[in-house]
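Convention: sequence-line order gives letters A, B, ...; per-chain numbering from 1.
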4 protein chains.
Amino acid sequence: MLFLVLMAYISAMRPKIDPSGRKKSSFIEEARRRQIVRGAITTIAGGGLAQASLARIADDVGISKSVISYHFAGKDELIGEVINALLRDSNVFIRSWVDRADGARDRLRAYVEASFAFMAEHRENFAAMVDIWGSFGTVEAKRAFNATAYDPCRRHLEGILRAGQEEGVFRDFVPRTLATTIQGAIDGVMLQWVFDEDSVDLPGCAAELVTMFDLATRRLP
Amino acid sequence: MLFLVLMAYISAMRPKIDPSGRKKSSFIEEARRRQIVRGAITTIAGGGLAQASLARIADDVGISKSVISYHFAGKDELIGEVINALLRDSNVFIRSWVDRADGARDRLRAYVEASFAFMAEHRENFAAMVDIWGSFGTVEAKRAFNATAYDPCRRHLEGILRAGQEEGVFRDFVPRTLATTIQGAIDGVMLQWVFDEDSVDLPGCAAELVTMFDLATRRLP
Amino acid sequence: MLFLVLMAYISAMRPKIDPSGRKKSSFIEEARRRQIVRGAITTIAGGGLAQASLARIADDVGISKSVISYHFAGKDELIGEVINALLRDSNVFIRSWVDRADGARDRLRAYVEASFAFMAEHRENFAAMVDIWGSFGTVEAKRAFNATAYDPCRRHLEGILRAGQEEGVFRDFVPRTLATTIQGAIDGVMLQWVFDEDSVDLPGCAAELVTMFDLATRRLP
Amino acid sequence: MLFLVLMAYISAMRPKIDPSGRKKSSFIEEARRRQIVRGAITTIAGGGLAQASLARIADDVGISKSVISYHFAGKDELIGEVINALLRDSNVFIRSWVDRADGARDRLRAYVEASFAFMAEHRENFAAMVDIWGSFGTVEAKRAFNATAYDPCRRHLEGILRAGQEEGVFRDFVPRTLATTIQGAIDGVMLQWVFDEDSVDLPGCAAELVTMFDLATRRLP
DNA sequence: TATGAATGAGTCTTCATTCAT
DNA sequence: GATGAATGAAGACTCATTCAT
């Protein structure tokens with residue numbers, strides 16, 4: 001599998017409705033694509049990426065195998081769209097939540113809470129995400145995924161943190177490093193929760209992280 | 001692939017040197033097994049689990065494909081041993097480091113520092129681990145992995161935290177939840193670092209986490 | 001190989017044209033299946049079941065190896081269909097011949113003659129059958145084959161013999177035992193003929209058996 | 001597998017103790033060979049020839065796999081010896097039983113009774129034999145097996161029948177054809193019995209065959 | 001737009017055989 | 001005599017993809 005191709009595709013972040021009408025992009029076309037992408041996520045979440053052959057996905061969706069081939073250039077493009085969808089949905093949700101908060105302290109709290117709120121409602125998405133991580137075989141693919149998935153999050157967080165420092169409500173730290181740490185904490189808890197949802201008290205962890213980051217970013221007196 | 005079988009195998013945690021002499025377990029036999037396991041880790045880390053066919057592993061190790069089949073019952077057993085090795089090495093290292101520390105506060109710091117120290121020296125291991133995560137397709141397999149991989153870590157951390165509360169140096173919190181959170185933070189940072197080592201300041205994050213946990217667990221005045 | 005599965009399949013005796021339209025069962029689909037089954041019989045008859053790999057069968061038929069995988073769930077299903085075809089053809093022929101005879105004595109003669117007539121025209125079928133016999137490794141598989149292959153024949157014969165006793169034209173004997181014996185005699189001659197067609201005078205044996213059974217079932221004066 | 005080689009080997013019918021001392025043929029050598037041959041028969045009878053890999057046979061016997069390779073030129077020679085052993089034992093037994101009878105009528109009865117008596121005591125042998133039949137892929141191999149296995153039996157029977165005709169106790173028939181038929185009847189019953197021993201009344205069939213052949217060979221008045 | 005059919009590359013696995021000890 | 005180790009050939013099977021309809 002040429003994940004370079006795949007990642008190039010992801011990076012392009014093709015907007016859903018391209019203004020130029022690049023393709024036919026008929027309504028039915030887009031509906032089918034979304035249906036297939038959604039089905040792929042479910043299949044991947046349910047049995048792992050390795051078991052998610054086109055045949056199985058098609059079967060789960062209830063369509064013929066070749067329909068997928070017709071609507072997607074190949075499996076790489078499909079998985080690319082899946083990743084796209086997973087990242088997009090999550091990012092959109094978190095951003096909208098954060099935008100509603102005032103002040104760096106509240107925005108940080110909002111970021112964490114939104115992350116966990118979205119998680120709780122879309123376990124399937126994250127199960128699929130974890131399954132897909134292992135597919136980024138090459139160094140380039142991994143790096144590309146990092147640029148697409150992690151960097152936007154880190155930049156978002158970094159902005160909040162830096163603003164807080166400028167506002168004078170946060171102590172001294174390297175914003176970028178703390179952003180990495182915070183995002184890491186969120187993802188790490190998510191990871192355990194994906195592996196066994198019963199073993200993790202998700203709301204408890206969310207609250208604990210909020211408390212912790214509040215305590216840990218507070219300006220030292 | 002019957003990962004239940006695999007995970008049962010993992011859970012058994014077959015000690016390397018079985019005292020009963022169940023099999024011959026000749027010296028050369030064990031050496032080969034170790035060589036192959038190590039090679040598999042490298043191959044997986046380098047190209048992803050999906051690309052790590054027995055053929056490629058054998059090729060990387062420089063042996064014939066059937067040598068693997070000779071020394072392992074199948075790919076499942078091999079991957080089982082790989083997981084085993086990954087978990088074992090990490091746990092042994094961290095525990096030995098923690099044991100050398102005095103007091104809950106220092107032990108917590110030691111836990112975090114050891115985790116990052118081991119990481120820094122064994123990036124390949126963690127790349128392989130992330131690749132393997134996606135293989136646990138079924139719910140049972142995921143749960144089994146959780147029990148094998150995460151639970152021991154959480155229990156270890158939980159012990160440290162609870163002791164600290166009893167010593168009176170830690171504030172009030174749910175030890176289990178905080179343990180999940182701390183382990184999550186470590187793993188989440190590791191994850192980003194695996195995806196792009198240049199984008200993460202590993203020592204910086206380690207220091208930040210140590211600081212954060214110190215600030216966040218401190219008994220409030 | 002799970003011959004239990006296979007035999008379950010055989011026992012089901014799936015009718016060629018399923019009325020419910022369970023699957024599409026398109027014309028071309030059925031044609032291909034029949035082509036492959038026929039080719040498999042030839043290949044098996046020609047070189048033994050052990051040598052009848054999917055590759056060789058495909059080669060003999062003149063198609064790609066994966067075409068077989070496409071039309072059959074696996075080798076087990078293919079061999080199942082082969083057995084099915086072998087038994088079906090033979091049974092249909094014999095029954096139609098017997099049905100045209102009047103009276104128990106003539107029906108018995110018809111049974112023997114039909115068996116040999118069919119044999120003579122379909123040596124390949126019986127060569128394949130003999131080759132397949134050795135594949136029923138487990139006791140269960142053997143028993144299942146017995147139930148599918150031998151029992152119907154014995155019951156058919158048994159019915160003829162019992163009717164003859166009731167008609168008063170046959171002497172006293174255990175119908176079931178004699179049925180086993182008669183069927184055995186037919187198959188045993190067939191066996192030698194399969195191993196070396198030149199060493200067996202098939203029509204002579206047929207005539208001899210007819211005579212023998214006539215003499216041996218005659219009501220003693 | 002070169003069954004030509006195998007059959008050539010069988011045909012040679014290597015006497016157990018070769019007078020010329022062709023090989024070392026030490027005592028231990030012969031004992032091992034017999035042990036392995038016996039084990040092979042059991043393994044074949046238990047799971048079919050296809051499952052009877054050298055590894056499994058060795059395992060069942062409780063020796064290392066390479067011991068077989070050491071004592072036999074290859075699997076072909078082993079199977080050759082197995083067939084040899086199967087045929088030899090049976091023939092020796094039947095001949096000795098027949099030799100004890102007086103007169104053609106009694107000798108024929110003895111032949112049938114001996115065949116069934118040996119069968120009843122050595123079901124494993126015949127199960128193995130049936131399994132092996134399918135291995136004779138080529139026409140030459142089948143023919144060779146016919147020459148080795150069937151021809152001696154038919155000649156033996158033929159002799160008895162012809163003598164009976166000369167004595168004037170048997171009616172007119174082609175001895176060779178009737179011999180084929182009688183041997184066929186015995187083997188055919190055996191076959192059903194191998195497939196499901198519970199579905200065949202072996203003593204009943206033996207008695208029925210004795211009666212039948214007596215009635216059917218009797219000189220017509 | 002949809003799909004049944006076909007296919008070649010690649011996967012794991014089994015196996016008989018060879019060889020050094 | 002015996003055997004652990006190694007190996008290449010061959011097996012069944014899966015899969016993404018292509019193509020004609």
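Straight-line distance from the CD1 atom of C:I28 to the P atom of E:dT3: 18 Å, rounded to whole Å. Whole-Å rounding puts the D:I63 CD1 to F:dG4 P distance at 11 Å. In this structure, A:E30 places its CD atom 11 Å from P of E:dT1, rounding to the nearest Å. Rounded to an integer number of Å, the gap from CG of A:D59 to P of F:dC15 is 12 Å. For the pair B:I68 CD1 and F:dA5 P, the computed distance is 16 Å after rounding to whole Å. Taking atom CG of C:L49 as the reference point, atom C1' of F:dG11 lies 13 Å away to the nearest angstrom. When rounded to the nearest whole Å, the span between CG of A:L78 and C1' of F:dC15 equals 14 Å.
Remark: D:A55 engages D:S53, D:K65 in a side-chain contact (heavy atoms from CB on, under 4.5 Å) (not counting sequence neighbours). Taking D:A128 as the reference, D:I41, D:I44, D:A45, D:L86 meet the side-chain contact (heavy atoms from CB on, under 4.5 Å) condition, with sequence neighbours excluded. The side chain to side chain donor-acceptor pair (under 3.5 Å) test applied to B:R56 returns no partner, not counting sequence neighbours. Scanning for side chain to side chain donor-acceptor pair (under 3.5 Å) contacts around A:D59 gives an empty result, with sequence neighbours left out. Under the side-chain contact (heavy atoms from CB on, under 4.5 Å) criterion, A:S64 pairs with A:S66, A:V67, sequence neighbours left out.
OP1 and OP2 of E:dG4 both lie 4.0 Å or more from every side-chain N or O belonging to C:H71. Contact check, C:R32 against E:dG4: no side-chain N or O comes under 4.0 Å of OP1 or OP2. OP1 and OP2 of E:dA2 both lie 4.0 Å or more from every side-chain N or O belonging to A:Y70.
Side-chain polar atoms of A:R38 and A:Q35 form no donor-acceptor pair below 3.5 angstrom.
A heavy atom lying under 4.0 Å from DNA chain F marks none of the residues of residues 36-45 of chain D.
The aromatic rings of B:W133 and A:W133 sit tilted, their planes meeting at an angle between 30° and 60°.
Note that CE of A:M129 is 9.5 Å distant from CG of A:D131, once rounded to the nearest 0.5 Å.
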- Item | Contact state string [nucleotides 11-21 of chain E, B base, S sugar-phosphate only, - no protein heavy atom under 4.0 Å] | SBBBSBBB---
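Nearest heavy-atom pair, D:V61 versus D:G39, reported as atom, atom and distance to 0.1 Å: CG2-CA, 3.8 Å. Nearest heavy-atom pair, D:L49 versus D:I132, reported as atom, atom and distance to 0.1 Å: CD2-CA, 4.2 Å. Listed here is the closest heavy atom pair of A:E77 and A:R33: OE2-NH2, 3.0 Å.
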- Pairing pattern in dot-bracket form [Watson-Crick, G-U; both distances under 3.5 Å; | = partner strand] for DNA chain E: .||||||||||||||||||||
